[in-house]
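In what follows, a single structure is set out as structure tokens and then discussed.
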Amino acid sequence: MAAAAGAGAGAGGAAAAALWSEVNRCGQNGDFARALKSVNKILQVSKDDVTALHCKVVCLIHNGSFKEALSVINTHSKILSSDVIAFEKAYCEYRLNRIESALKTIQSASQQTDKLKELYGQVLYKLERYDDCLVAYRDLIRNSQDEYEEERKTNLSAVVAAQSTWERVMPEDLGLRETTYELCYNSACALIGQGKLNEAMKKLRKAEELCRQSLSEDTDATEEDTEAELAIIHGQMAYIMQLQGRTEDALQLYNQIIKLKPADVGLLAVIANNIITINKDQNVFDSKKKVKLTNAEGVEHKLSKKQLQAIEFNKALLAMYTNQADQCRKLSASLQSQSPEHLLPVLIQAAQLCREKQHAKAIGLLQDFAEQHPANAAEIKLTMAQLKIAQGSVTKACMILRSIEELQHKPGMVSALVTMYSHEEDIDSAIEVFTQAIQWYQQFQPESPVHLSLIREAANFKLKHGRKKEAISDLEELWKQNPKDVHTLAQLISAYSLVDPEKAKVLSKHLPSSDTMSLKVDVDALENSHGATYVRKKAGKLTGDNQQKEQGQGEVKKKKKKKKGKLPKNYDPKVTPDPERWLPMRERSYYRGRKKGKKKDQVGKGTQGSTTAGSSELDASRTASSPPTSPRPGSAAAVSAASNVIPPRHQKPAGAPATKKKQQQKKKKGGKSGW
């Protein structure tokens, strides 16, 4: 800041000179808050001082008070002309995200200074006018030589990356040396736009290395600062992983970045959106949490239009997946009003209607869109056909597909239509599809291999469905195209043999002789080749005896001896075997069931409370001392139990406490542990 010239004389002049000196000193030290106080004191004495007003605007800009600075400029517009303060005004508008106003201010300036040109490039980038921006930065680099050259090259590479990513323009080689991590990062972004993902990943790893190296040289930089700076590089790495189908690795890296809580709201919004796309219709609770990051303040100023549009599309889809029908309709309608020709909003609306079982309404919506936007009708009609197939209206789906003129001759479309017509047993319509496609290729691409392929497929289809004469016509056309095609000739002879055998005999004369068709094949090489199912063993040197054996094996075949079946140990040849021995025991005529034991017959019989002589032996509570586990039948414990019988009234059942204890343990089993 320079002091104002022509200060007043006397005591007032001395005070003003001191204030200007204070403003100058504070400006050089970067203390703009203190400088602003001195400037305000000067303006109290001389409120229309141009230099003081200019200094005040500069101080406010340095303090981040862009609205107040712009207010001062607009209030004193007569004094502060556009020639004096054009850059400051445009910069304030740029920082307040009034990009169109900033562009007008720059263009209206009478003199285009280097500062205005730099700002002009930034404004064009924000407006996504990348071609004009590229020209502006090239001009700056060509005509400037100062310490900011590296920054201009970085901005130039960012423009090229944006062209590659958003406009799918093949970037030209600018010859920039990738000596900084910013240049490396922008180069990686350009490669991603071209689909060269592996090369882009290598560039990002190099950028990460350069970033760590650069920040390690800064003594004030902490580990947190390094990780925050690397967040955008790691975010792009995760994006590449996602594109490559490595969703688990991408998700892990995305979540690591979110945990760092970087200050860049744009980066957080993009990462949250990408996580939502990975989740799709699963894990919707996590997606609902992540979508809040996309609504952060200032996100709309950090991202490109296409990025913001993608986020809004995903919000609408998430609303559909979470059964928020009204919210889904509202978001998709808003998107359609912003981009009337875009396909996704109407497709989302149709999908929501299908979820509500309103298929007819969804098809009507798509039909209206196709009529209003013929350029996008093909994609819409494909969706309509899919909905018709889902409803079981295959014939109507075929009619919709055949109305897409630009796809009628495509092999994929022909194949789909023929398959669908065959499913409906409408062979005439299927043949008509083949005929139309063949006629198109005859007219526009007669030399195309697809043309001949379609004729062959049509002939095979007609032969399969008994249209032999029509198939013969197609095969004759193929043979005319290539008389040396033996395969076509063989097919033609086979077809004629069913209709006109004499003609088939005449045509068979054109077949090559067996001598010309013999193939010189090295059998040994074929058998020893990789993948052969049978490999002949290498023959060793044979002695005289072995040689005779080899010759004998070729003349006499060995007879395999049948093994005699094993007989059971108790087999008696004099006794006739049981004819029902192969049947299960229960199915044999003489089966009478198992005999029940005497003790089992007695248990549970008689009047309630009555006892039998055997019941006392079975009652464990009547023993003097009962073992913890049931004794085996016939053991010593079972025998002694009968000799120590005590009347039930005078004996506490030995089994009761144990039973109670077991019940308590069962109750505790499902509860919480007390330890």
Side-chain angles (χ1 to χ4, degrees), residues 97 128 166 235 238-239 242 247 250-251 254-255 257-259 261-262 264-373 376-377 379-384 386-388 390-391:
N97 295 302
E128 299 181 21
W166 307 123
Y239 177 60
Q242 186 177 351
T247 51
L251 199 58
Y254 282 143
N255 286 319
I257 296 167
I258 288 177
K259 285 179 183 177
K261 297 180 180 178
D264 189 349
V265 292
L267 173 63
L268 281 174
V270 169
I271 288 172
N273 175 74
N274 291 354
I275 290 174
I276 291 168
T277 61
I278 291 173
N279 289 340
K280 295 183 180 177
D281 58 344
Q282 305 295 319
N283 203 2
V284 290
F285 179 73
D286 178 62
S287 296
K288 286 180 79 172
K289 287 201 308 184
K290 294 294 187 292
V291 82
K292 293 177 182 177
L293 295 173
T294 65
N295 297 326
E297 187 180 355
V299 167
E300 66 276 11
H301 305 307
K302 291 283 186 179
L303 304 179
S304 68
K305 291 177 183 176
K306 289 193 176 180
Q307 285 175 314
L308 292 170
Q309 193 178 57
I311 288 172
E312 292 302 312
F313 286 144
N314 288 326
K315 284 181 184 177
L317 286 170
L318 183 60
M320 184 181 74
Y321 290 142
T322 52
N323 298 318
Q324 295 175 292
D326 293 336
Q327 180 72 0
C328 177
R329 277 191 283 268
K330 182 180 176 182
L331 288 168
S332 56
S334 173
L335 285 165
Q336 194 171 11
S337 63
Q338 293 171 17
S339 307
E341 296 184 359
H342 207 289
L343 289 171
L344 275 178
V346 72
L347 290 175
I348 292 171
Q349 289 178 45
Q352 179 60 44
L353 288 169
C354 289
R355 286 173 74 91
E356 297 169 3
K357 309 297 182 186
Q358 300 183 47
H359 292 87
K361 197 172 180 181
I363 291 170
L365 179 70
L366 294 170
Q367 181 67 43
D368 293 341
F369 184 86
E371 290 172 359
Q372 293 170 10
H373 304 92
N376 297 325
E379 291 89 342
I380 292 296
K381 286 182 178 179
L382 288 170
T383 308
M384 290 167 63
Q386 185 179 358
L387 291 177
K388 285 291 184 185
Q391 289 180 295

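Heads up: numbering here begins at 1 and tracks the sequence. The model shown is predicted, which means the values in this text are computed figures rather than measured ones.
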Reported [atom1]-to-[atom2] distance for the pair [X] and [Y], which is rounded to 0.5 angstrom:
X      : Y      : atom1 : atom2 : result
Thr247 : Asn274 : OG1   : CG    : 12.5 Å
Leu267 : Leu303 : CG    : CG    : 9.5 Å
Lys381 : Gln367 : NZ    : CD    : 7.0 Å
Cys328 : Leu317 : SG    : CG    : 7.0 Å
Ser287 : Gln282 : OG    : CD    : 10.0 Å

Could you pull out the closest heavy-atom pair between [X] and [Y], with the gap in Å?
X      : Y      : result
Phe369 : Glu341 : CZ-O, 3.9 Å
Pro262 : Ile257 : CD-O, 3.3 Å
Ala250 : Ile278 : CB-CD1, 4.4 Å
Val270 : Gln307 : CG2-NE2, 3.9 Å
Leu387 : Cys354 : CD2-SG, 3.4 Å
Ala362 : Ala350 : CB-O, 3.7 Å

Practice task
Could you give me the CA-CA distance, side-chain angles and deciding distance for Leu335 and Leu344, then say whether side chain to side chain contact (heavy atoms under 4.5 Å, CB included) is met?
Solution key: CA-CA 9 Å; Leu335 285 165; Leu344 275 178; over 6 Å; no

Evaluate whether atom [atom1] of [X] has more than 12 neighbouring non-hydrogen atoms of other residues, nucleotides or ligands under 6.0 angstrom away.
X      : atom1 : value
Gln391 : CD    : yes
Tyr239 : OH    : no
Glu371 : CD    : yes
Gln358 : CD    : yes

Sub-3.5 Å donor-acceptor pair from the side chain of [X] to the main-chain atoms of [Y], do we have one?
X      : Y      : answer
Asn273 : Asn314 : no
Ser332 : Arg329 : yes
Asn255 : Leu251 : yes

Exercise for the section: Kindly indicate, with the supporting measurements, whether the criterion side chain to side chain contact (heavy atoms under 4.5 Å, CB included) is fulfilled by Ile348 and Leu331. Expected result: CA-CA 10 Å; Ile348 292 171; Leu331 288 168; over 6 Å; no

Report yes if some heavy atom in the side chain of [X] is under 4.5 Å from a heavy atom in the side chain of [Y]; otherwise report no.
X      : Y      : answer
Thr383 : Leu343 : no
Ile380 : Met384 : yes
Asn295 : Lys315 : yes
Glu128 : Lys306 : no

Exercise for the section: Would you tell me whether Gln242 and Thr277 have side-chain atoms, one donor and one acceptor, within less than 3.5 Å of each other? Expected result: yes

Exercise for the section: Report the C-alpha distance between Gln349 and Gln336 in whole Å, list the side-chain angles of each, state the deciding distance to 0.1 Å, and finish with yes or no for side-chain hydrogen bond (donor to acceptor under 3.5 Å, both in side chains). Expected result: CA-CA 10 Å; Gln349 289 178 45; Gln336 194 171 11; 2.8 Å; yes

Practice task
Name all pairs fulfilling the salt bridge (Lys or Arg N to Asp or Glu O under 4.0 Å) condition that reach into residues 282-292, sequence neighbours left out, sorted by first residue then second.
Solution key: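 The answer is Asp286-Lys290.
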
Practice task
May I have the step-by-step check of side chain to side chain contact (heavy atoms under 4.5 Å, CB included) for Lys361 and Leu365, ending in yes or no?
Solution key: CA-CA 6 Å; Lys361 197 172 180 181; Leu365 179 70; 6.0 Å; no

Practice task
Might you work through the side chain to side chain contact (heavy atoms under 4.5 Å, CB included) test for Leu308 and Val299, ending with a clear yes or no?
Solution key: CA-CA 9 Å; Leu308 292 170; Val299 167; 4.2 Å; yes

